[in-house]
Amino acid sequence: MSNVPNVAESMEASASPNRFKGYVVAIGASAGGLDALERFFQGLPANSGAAYVVIQHLSPDHKSMMANLLSRHTAMPVVTVEHDMKIEADRVHLIPPASMMSASGNALRLSPKNPRGLTLPVDHFFSSLAKEFGNRGIGVILSGTGSDGTRGSVAINDAGGFLLAQDPESSKFDGMPRSVIATGLVDAILPPEELGPRLLEHIHQLPHVKIRVPVLAAEIDQDGAHEEVMHLLQHSGGINFREYKPATVMRRMERRMQVRQTPDLLNYVRLLGTDRGELATLRRELLIPVTSFFRDPEAFEILADTAVKTIVAERADNQPLRVWAAGVATGEEAYSLAILFAEAFDRARRWPNFKLFATDVEPQNVETGGAGVFSEAITAEISPERLEKFFLRRGNHFVVKTEIRQSIIFARHNLLEDPPFTRMDLVSCRNLLIYFRSEAQERALRRLQYAMAPGGFLFLGPSETLANLQTDFTAVSSKHKIYRILRHVALPLDTAIASLSRSSVTGARPRPGIRTHGVSSDAAAIDAAQNLLLRSYAPTSLLLNQRHDLLHVFGDVTHYLRIGEGAATLDLAKLLPSSLVAIAKALLYKAARDRSPLRSDLLGLSLDEGRTERLHLVARPIDPPHGELNLLLSFETETAPSVAVEIDAAGGRRSATPSLTEMETLSLDRETAQRLETLERELAATRESLQATIEELETANEELQATNEELMASNEELQSSNEELQSVNEELYTVNAENQEKIEILNRLNADLDGMAKAASIATVFVDSQLRLTRFTPEATALFKIRDGDLGRPIDDFANLLQYPEFLPELHRTIASGEMLQREIDAANGRHYLARVHPYAVRAGEARGAVATFVDITTLRDVERLQAVLDSLPEHVAVLDSKGVITMVNRAWRAFAEDNGNPTLQYSGLGTNYLEVCDMRQIVDEPTAGNAMNGIRQVLEGKTTAFSLEYPCHSPDEQRWYIMHVAPIDHPGGGVIVSHINISKWSTGNHD
């Protein structure tokens, strides 16, 4: 049975009014989990109504990109959790690096991760989820190494939650899925893309598969369905769950009904009748092995300081020390107790003979506990010192050391049905009684009391009490439920033994709902009368099978049977006093052989307090109509009736069995001689068989020697292989170092790319072959309505300001052809852009994507317009910067230069310093050039607001006069504009 209280039982009492009301889906993943997470979320809609929490093993030294990566595969918002963040439906909550996360009410709480010890964030969150949300908690285990999530999944199942696991065949690393699947509690095992739909079926209670089962042979009504389930469980596993609390049993049944989508209990009974796997699953559900090492550490510390210390101090070296741990589930409690005693022995420097009997009703739990192999999750329960002293590390698991394991005996035992152990110095039964009805609790406590030696200790769970046994114990620690026995009780032996065969002889009680016929209304009265006659007149008797195993007890056999030390047994030879064994065996042997009753001579049996009882042993064969022969062994004292009679139909009396005077009296001497003769013949046959076995062993020994030589050779080959593996391991370290360096280079390149994109300030978007957005620069948000969470969405989902209807077709054309396309476009914001679409591929041979850049050329358009304005003027115009360098000229300026011997604009073109040209012309005796230079400089320096100069510029053909006008440019960069106007037509007369 489970070793912890059911979490769901206390859910309602502790429920917070602010708790999130929907389902909370916790997804645990580790290595290889990114691919599984992407496939999982692709199968989920954005409006399921559930909240999703992703717990992954993240490196504490690197920034996680998980939010951006998952955003491409789900329409739900993906956020990294901050401390006390509220849980919201239809949102994905990601655990941040270097943190442990837990659920508390309506919020997610963070705590720093231990940087040194092993941490299990999935187990930690799953356990808190089970505590806070009960059956509204859902656990999903995806790809990963190790066993993180296994114990937390058991807690979710115990709380009535739903469990899913990735199919190990579909995972890159199958450690975590296989570990949780091994518990037998997972409700569905599917590939990641199919887990989402299965999850929705559970949340919305949609039919998963249509169950087609035939109707049972016996007609069952709704009222009898529950009893039918109890019968099926008892028949398949031998456990009578009628003794368990109905509310607990029904809650687990309802959970299985929800998982299997059965509408009511009647249909579920029909499913159990045909699906043996579901029946086994239900039994495991009712016997959940939820346990841990040193559960409630303070209680174990008090136990070590009181009970364990006292037992070790009072026990002599030659006296064995015996402990019984009942309901140990998978064995953690038993090993915890063994560790406490081992530490006490070391402190006392004494090591007595110590045996701990660890029992559980579920064989699978016993097998698991006996293996002594536990996952890495126990590092959170056991101190590093104890781990090093009592465990060995084997990969991702810990194995109990031999000195602890060999002191523990694991066995299947039903506390309510099987005989208890005896002479126990300590009995531990924690969190098992809380599952039983009150009557079963009292019966179990009586058995535990019977098992204890005088002065022994009892260790119960925190929610358990002694009930009516308070006066038989004294409290060592009431808070931690540690008691010491005051009064030992003798459990009625017939009650203990008869309970062993109750299910096989008397059968389960009638099942309501199954139609029966011919049941008399006064059957109970008849049974009571027969029982009264048997107790009053019939001798005490034992019903045995042919192997002399006890089947049933009639009367009080307390004086005749004893339960000895060791494992419980039904063998008559182990139960009878030694003085009666030989006589009883001889009687039974001859009675079975001759099919006739036999009686022994008058015997004397020593009883307690020096009394002696004289009696006959009588053996009678019982040959039933169907089945094997049974035997009845009776203890007839001198006062017992010697004949049994029954009344015939006419009212006469007839003998029912031969009277003792008519029975053959067994002669022990004659019988002993016959038995010796038989044994001698069997001994001769055994000697011949032994000789043949010796010869076979000699042959086998030769084969083993040959096999040993082959193993020696194989060992040498393994040694060689080990050296090769060591070499490969070193190579892998080298490769790993190279990969780390490449990753660092990629990180730098990525940083350079981001820096270059920011420095260029060019709007850029990247799309893959399906036109899904993969990257963009901040400037792109001015043209497209996109944000960081939109990565992975198609580019045509976003509105834009571009007057560019051919944008999407040109993206397709570039991806298909690999050609670069370019054009100028306008935008709704009044700007002008040069659009370029380039193809790109991450790897050769893979599908291409495209990158689109939008360069703002509005300024270039303005310059072109200004140039066109200047070119339209007939005057010769040039623009000078603050240093006098020509930066722009118009068409008339260039034409004048070409017509007057300066076709290349060497002295008046762009980039020429106009002041230096005027100074040079002044030197060659052109005084007006000097005046022009001085005037331009004064305007540039701000000494005057304008300058004009009239000067001649004659050609061989005509007389020409010009006016040069210089005006400043009102701009932060400064500069002047120089214009030359031909005034020859206006001033010819004046100059003449």
Side-chain angles (χ1 to χ4, degrees), residues 494 497 501 504-505 534 537-557 559-562 564 569-606 612-646 654-687 689:
D494 58 339
I497 298 176
S501 55
S504 60
V505 178
L534 287 173
Y537 299 103
T540 299
S541 303
L542 305 177
L543 180 63
L544 310 167
N545 60 19
Q546 281 187 308
R547 294 177 299 279
H548 300 171
D549 292 331
L550 189 59
L551 298 179
H552 197 76
V553 175
F554 302 96
D556 183 5
V557 294
H559 299 311
Y560 309 122
L561 298 187
R562 302 288 188 273
T569 179
L570 295 177
D571 186 359
L572 183 66
K574 301 294 181 62
L575 298 175
L576 284 175
S578 58
S579 59
L580 299 180
V581 172
I583 302 171
K585 295 287 281 185
L587 282 170
L588 293 170
Y589 173 78
K590 188 171 179 59
R593 185 190 64 187
D594 300 339
R595 291 292 200 277
S596 62
L598 285 176
R599 175 185 76 168
S600 72
D601 293 326
L602 192 62
L603 305 173
L605 177 63
S606 298
T612 301
E613 183 176 280
R614 299 178 65 78
L615 74 161
H616 295 278
L617 291 183
V618 178
R620 296 179 176 89
I622 301 175
D623 196 357
H626 304 285
E628 66 176 9
L629 176 72
N630 291 330
L631 299 165
L632 187 69
L633 181 65
S634 301
F635 302 86
E636 298 186 351
T637 61
E638 287 184 310
T639 58
S642 61
V643 64
V645 297
E646 53 182 48
R654 58 184 176 84
S655 176
T657 58
S659 67
L660 292 180
T661 57
E662 298 173 348
M663 284 185 189
E664 179 184 355
T665 301
L666 179 65
S667 172
L668 277 182
D669 293 338
R670 184 175 70 253
E671 188 63 26
T672 301
Q674 293 176 358
R675 289 289 290 166
L676 286 175
E677 182 179 356
T678 302
L679 290 174
E680 286 175 356
R681 288 197 301 269
E682 292 175 356
L683 179 59
T686 302
R687 285 174 174 170
S689 176

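Only this structure's heavy atoms are used, side chains among them; waters, hydrogens and symmetry mates stay out.
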First locate atom [atom1] of [X], then atom [atom2] of [Y], and finally report the distance between them rounded to the nearest 0.5 Å.
| X | Y | atom1 | atom2 | value |
| --- | --- | --- | --- | --- |
| Arg614 | Leu603 | CZ | CG | 8.5 Å |
| Leu543 | Leu551 | CG | CG | 5.0 Å |
| Glu613 | Ser606 | CD | OG | 11.0 Å |

Taking only distance into account, with no hydrogens and no angle test, what donor-acceptor pairs under 3.5 Å do side-chain atoms of residues 574-583 form with protein atoms, sequence neighbours excluded?
none

Completion exercise
Residues passing the salt bridge (Lys or Arg N to Asp or Glu O under 4.0 Å) test with Asp571, sequence neighbours excluded, are none
Exercise for the section: Please report the shortest heavy-atom distance between Pro621 and Leu631, naming the atom on each side. Expected result: CA-CD2, 3.9 Å
Handout entry: Minimum heavy-atom distance between Ser541 and Ser634, given as atom pair plus value
Key = OG-OG, 2.8 Å
Problem - Candidate pair Tyr560 and Leu615, rule side chain to side chain contact (heavy atoms under 4.5 Å, CB included), full reasoning - result: CA-CA 11 Å; Tyr560 309 122; Leu615 74 161; 4.0 Å; yes
Practice task
List the steps and the verdict of side chain to side chain contact (heavy atoms under 4.5 Å, CB included) for Leu617 and Arg599.
Solution key: CA-CA 6 Å; Leu617 291 183; Arg599 175 185 76 168; over 6 Å; no
Practice task
Let me see the working for Leu605 and Phe635 under side chain to side chain contact (heavy atoms under 4.5 Å, CB included), right down to the final yes or no.
Solution key: CA-CA 11 Å; Leu605 177 63; Phe635 302 86; over 6 Å; no
Problem - Derivation and outcome, side chain to side chain contact (heavy atoms under 4.5 Å, CB included), residues Leu544 and Leu550 - result: CA-CA 5 Å; Leu544 310 167; Leu550 189 59; 3.8 Å; yes
Handout entry: Flag side-chain contact, heavy atom, 4.5 Å: Arg595 against Leu629
Key =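 Arg595 reaches Leu629 side chain to side chain.
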Problem - Flag side-chain contact, heavy atom, 4.5 Å: Asp549 against Leu572 - result: no
